[in-house]
Enquirer: 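Sending over a structure as structure tokens; questions will come in a sec.
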2 protein chains.
Amino acid sequence: MVAYICNRMIANKSMRRDVFQAIADPTRRAILSLLAMNAMTPNAIAAHFDSSRQAISKHIQILAECQLVVQKQQGREINCHFNAEKMKEVDVWMEQFRKQWEDRYDQLDNLLNDQKDK
Amino acid sequence: MVAYICNRMIANKSMRRDVFQAIADPTRRAILSLLAMNAMTPNAIAAHFDSSRQAISKHIQILAECQLVVQKQQGREINCHFNAEKMKEVDVWMEQFRKQWEDRYDQLDNLLNDQKDK
DNA sequence: AATATACGCAACCATTTGATTGCGCAAATT
DNA sequence: AATTTGCGCAATCAAATGGTTGCGTATATT
């Protein structure tokens, strides 16, 4: 019986979320895609969706909590920009699986090559 | 006003979940890590956690629904194995961001910009 | 044949999630 | 100075999530 990496420890409210939780929601993924192209204010982001400004604002908050998005106050506006560095965490986690699908590619390559030879 | 890729459409029950939802849960991520090493039965998987067999079984079901896990009946046992191919979907999605963190590595600009922001 | 094992299904429950609405405040604009 | 704009906060609500317990059934084991 092993206690795996499934700690859900909720130290304080701002640590509640992790990156995986954050990208689970399709709206949040869309927001990230937007912000990856250029930084925007919450209002500008919300304009791309049909849900309310508040709904989007909450999503941004969640993205900010896990540092996928960084907010910078500028006068009365807030500039949200994407933090690629944080997204790397997902990439790092996926590393353990990457070999497997690369292997399958190699196998496919081999198969194709074998076919060619015949 | 653009309707982004945030379709949540629930056509049938088995399409309910997507890969991102599936990997949002830490227990499910742990299950995937286990299965990536070798295929196991639900009971064997459950033995690694302290939650009940049923709880784990439900997680497996979710992983199966989005095809991250494939189940194969063998007698009274079910063999669960990891489907790396499906995990690639996450990798594909991340492709749009990957360039950014690679860029940031090259430029020590990044550090300077961060300083400026403060 | 009787029992044990492996597992799914259904009902139930507490908590979390995603969304809405109403309000307030500080920075811009007039 | 008065108004508009940008945005966060809090309350509220339906739906989804993660978990538990009890039960049924088919395959193994004795």
Side-chain angles (χ1 to χ4, degrees), chain A residues 3-4 6-10 12-32 35 39-66 69-81, chain B residues 3-4 6-32 39-66 69-81:
Chain A
Y4 268 84
C6 19
N7 61 331
R8 202 178 280 272
M9 50 171 214
I10 305 164
N12 76 57
K13 260 199 158 189
S14 63
M15 275 195 60
R16 223 178 354 158
R17 323 268 183 169
D18 65 8
V19 185
F20 293 95
Q21 264 271 358
I23 64 171
D25 183 86
T27 303
R28 286 198 288 270
R29 286 201 299 281
I31 292 176
L32 289 173
L35 292 183
M40 303 172 80
T41 65
N43 264 341
I45 297 169
H48 288 81
F49 299 87
D50 11 319
S51 34
S52 70
R53 177 183 64 80
Q54 287 308 340
I56 300 300
S57 202
K58 268 180 157 190
H59 281 304
I60 296 172
Q61 209 181 302
I62 289 169
L63 292 170
E65 273 173 15
C66 74
V69 162
V70 178
Q71 293 168 297
K72 191 165 52 157
Q73 189 95 29
Q74 277 167 338
R76 73 177 159 181
E77 298 192 338
I78 290 175
N79 220 281
C80 303
H81 58 93
Chain B
Y4 268 86
C6 14
N7 61 333
R8 204 177 280 271
M9 51 172 213
I10 306 164
N12 77 56
K13 261 200 157 190
S14 62
M15 275 194 58
R16 221 178 355 157
R17 323 267 183 169
D18 65 7
V19 185
F20 293 95
Q21 263 271 359
I23 64 171
D25 184 89
T27 303
R28 286 198 287 271
R29 286 202 298 281
I31 292 175
L32 289 173
M40 303 171 81
T41 66
N43 264 341
I45 297 169
H48 287 81
F49 299 88
D50 10 322
S51 33
S52 71
R53 177 184 64 83
Q54 287 308 340
I56 299 300
S57 203
K58 269 182 156 190
H59 281 305
I60 295 172
Q61 209 180 302
I62 289 169
L63 292 170
E65 274 174 14
C66 73
V69 162
V70 179
Q71 294 168 296
K72 194 164 48 156
Q73 189 96 30
Q74 277 169 337
R76 74 178 159 181
E77 298 191 338
I78 289 177
N79 221 279
C80 303
H81 58 93

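Given the structure is predicted, the values throughout are model-derived calculations rather than measurements. To find a chain, count down the sequence lines: A is the first, B the second, and so on, and within it residues start at 1.
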Enquirer: Report yes if at least one side-chain N or O of B:N43 is closer than 4.0 Å to OP1 or OP2 of C:dC7; otherwise report no.
Expert: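 Checking C:dC7 against B:N43, a side-chain N or O does come within under 4.0 Å of OP1 or OP2.
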Enquirer: I want to verify a distance call: between C:dG18, D:dG18, D:dG8, whose nearest atom is closest to the A:R28 side chain?
Expert: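 Selected nucleotide: C:dG18.
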Enquirer: Name the residue from A:K58, A:R17, A:R28 that meets the side chain to side chain contact (heavy atoms under 4.5 Å, CB included) definition with A:L63.
Expert: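 It is A:R28; the other options fail the test.
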Enquirer: Assign A:Q71 to base, sugar-phosphate, or nothing according to its heavy-atom contacts below 4.0 angstrom with the strands shown.
Expert: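 It contacts sugar-phosphate atoms only.
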Enquirer: Find the distance B:D50:CG to D:dG19:P and express it as a whole number of Å.
Expert: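 Rounded to whole Å, this separation is 10 Å.
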Enquirer: Can you check the A:R17 CZ to C:dT17 P distance for me, whole Å?
Expert: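 One finds 5 Å between P of C:dT17 and CZ of A:R17, rounded.
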Enquirer: Reading DNA chain C from 5' onward, which residue's closest nucleotide shows up sooner: B:T41 or A:E77?
Expert: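 Nearest-nucleotide comparison on DNA chain C picks B:T41.
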Enquirer: Expressed in angstrom and rounded to an integer, what is the separation of B:K72 atom NZ from D:dT27 atom P?
Expert: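 After rounding, the reported distance stands at 18 Å.
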Enquirer: Indicate yes or no: at least one non-hydrogen side-chain atom of B:I56 is less than 4.5 angstrom from one of B:S51.
Expert: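 Yes, their side chains come closer than 4.5 Å.
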Enquirer: Checking only heavy atoms, does the side chain of B:Q54 share a donor-acceptor pair with the base of C:dC7 at less than 3.5 Å?
Expert: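 Flag unset: no donor-acceptor pair detected.
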Enquirer: Below 4.0 angstrom from OP1 or OP2 of C:dA19, is there any side-chain N or O of A:H59?
Expert: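 Affirmative; the distance criterion is met.
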Enquirer: Between P on D:dT17 and CZ on A:F20, what's the gap in Å once rounded to a whole number?
Expert: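 Roughly 18 Å, once rounded to whole Å.
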Enquirer: Does a side-chain N or O of A:Q73 approach OP1 or OP2 of C:dA27 to a distance below 4.0 Å, or not?
Expert: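 For C:dA27, OP1/OP2 do not have a side-chain N/O of A:Q73 under 4.0 Å.
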Enquirer: Could you tell me whether the phosphate oxygens of D:dG8, OP1 or OP2, come under 4.0 Å of any side-chain nitrogen or oxygen in A:S57?
Expert: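 It does, given that an N or O in the side chain of A:S57 lies less than 4.0 Å from OP1 or OP2 of D:dG8.
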Enquirer: Give the minimum heavy-atom separation between A:A46 and A:R53, together with the two atoms involved.
Expert: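 Taking A:A46 first and A:R53 second, the nearest heavy atoms are CB-CA, 4.0 Å.
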Enquirer: Can you tell me how far C1' of C:dA6 sits from CE of B:M40, to the nearest Å?
Expert: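 Spelled out: CE on B:M40 to C1' on C:dA6 is 14 Å.
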Enquirer: So does B:R29 pair up with A:D18, basic N to acidic O under 4.0 Å?
Expert: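 Salt bridge: yes.
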Enquirer: Would you kindly check whether a donor in the side chain of B:R53 faces an acceptor in the base of C:dG8, or vice versa, at under 3.5 angstrom?
Expert: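 Such a pair exists between side chain and base.
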Enquirer: What's the separation between atom CD in B:Q71 and atom CD in B:Q61, rounded to the nearest 0.5 Å?
Expert: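 The distance works out to 8.0 Å.
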Enquirer: Give the rounded distance in Å between these two atoms: CD1 of A:I62 and C1' of C:dA19.
Expert: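 Computing the A:I62:CD1 to C:dA19:C1' distance gives 11 Å.
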Enquirer: How many Å lie between CD on B:Q61 and P on D:dG19, as a whole number?
Expert: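 Nearest whole value for this atom pair: 14 Å.
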Enquirer: To the nearest Å, give me how far apart CD (A:Q74) and C1' (D:dT5) are.
Expert: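 One finds 16 Å between C1' of D:dT5 and CD of A:Q74, rounded.
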Enquirer: Of A:K58 and A:G75, whose closest DNA chain C nucleotide lies nearer the 5' terminus?
Expert: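 Comparing both residues, the 5'-ward one is A:K58.
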